[in-house]
Amino acid sequence: MTDIRASIDDEGGRYRAVAEVDVPGTPEQVWELIATGPGLETWFVPAEVDPGPGGRIVTHHGSYGASEGTITAWDPPRRLVFDEPEEMGPDRGTRTWNTEILVEARSGDTCVVRLTSGFLVGGDEWRDDVDQTLGGWTAALRTMRLYLTHFAGLAVTTLLVQHEVPGSVDVPDVVDAAGLRTGKVGDEVATSASAPSLSGVVEQIDDTSVTVRTHEPPGIAEVAGMRYGGTSSVMVRWYLYGEQGPTVRDRERQAWAAWAGRLTGTTTG
């Protein structure tokens, strides 16, 4: 299957991130992933969903806090739309951030998932905010495809480390520091001795991040250096699938947090 098709829709006053992916599975299987809390966590973030029009949807983003929205369209298994009021910063007021997810069946038990997210009107003022989300949605839909391809039906446990430092702190190449810049997509890699243990197949790699599909424990790990506003951060997100997920999370989370702190010179451990 092809990778994610990503773009910006800036027609007619809109400014929206657009990401589309082909995934294995039926529309009903995909709907479970986009319209339930446990489903959303398998590829995005922990969430709660009150189903139906007017229902509440809450997504949890670690140290960035939670985002709460209202479902405005509910058409199983084809279309989900929700609005989130967003505080856009000092003197910028509150605007409604709109997200729509469409599921279209294709032949051979495959679907196209198309996600658009941003502003329906007046979006030009928030280009930077929308541009930043495009990378996040692209990574999330890649995880959805990998989950349905390799781990469909397994429950998820999320290991998340977000080590934030002021933008003035020099954060090194996180992927290289972990020892994961040794391969290209499709290659087997493993972390260096200075990082906690993680190994598997490279599914994505660029200047700031790598995605590795791990064999044991089964999962999808993202290691990245991020910058948002005046803050830099080291992020490790590991979707752990199957019964051993909670045990691995509890065993490995502190090790990854200590590694991130050593990497930025802001903690020891």
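Each residue takes its place number in the sequence, starting with 1. Computed from a predicted structure; not experimentally measured.
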Is [Y] close to [X] at the side-chain level, that is, under 4.5 Å between some pair of heavy atoms?
X	Y	answer
Arg95	Val121	yes
Gln244	Glu216	yes
Phe119	Arg127	no
Met144	Leu148	yes
Ser67	Trp97	no
Glu222	Ser209	no
His150	Tyr241	no

If you look at every heavy atom in [X] and [Y], which pair is closest and at what distance?
X	Y	answer
Arg14	Leu120	CG-O, 3.2 Å
Asp206	Arg181	O-NH1, 3.0 Å
Pro77	Glu28	CG-OE2, 3.8 Å
Asp50	Ile71	O-CD1, 3.4 Å
Leu159	Arg253	CD1-N, 3.8 Å
Ala105	Cys111	CA-SG, 4.2 Å

Under 4.5 Å between side-chain heavy atoms, chaining through other members, with only Ile, Leu, Val, Met, Phe, Trp and Tyr counted: pull out the rest of the cluster around Met235, sorted by chain and number. Leu160, Met226
Drop me the distance from [X]'s [atom1] to [Y]'s [atom2], to the nearest 0.5 angstrom.
X	Y	atom1	atom2	answer
Thr42	Ile34	OG1	CD1	11.0 Å
Trp238	Thr158	CH2	OG1	12.5 Å
Gln204	Asp3	CD	CG	8.5 Å

Between His60 and Glu48, do the side chains contain a donor N or O and an acceptor N or O under 3.5 Å apart? yes
Could you list the residues that satisfy ring pair (Phe, Tyr, Trp, His ring centres under 6.0 Å) with Tyr15, not counting sequence neighbours? none
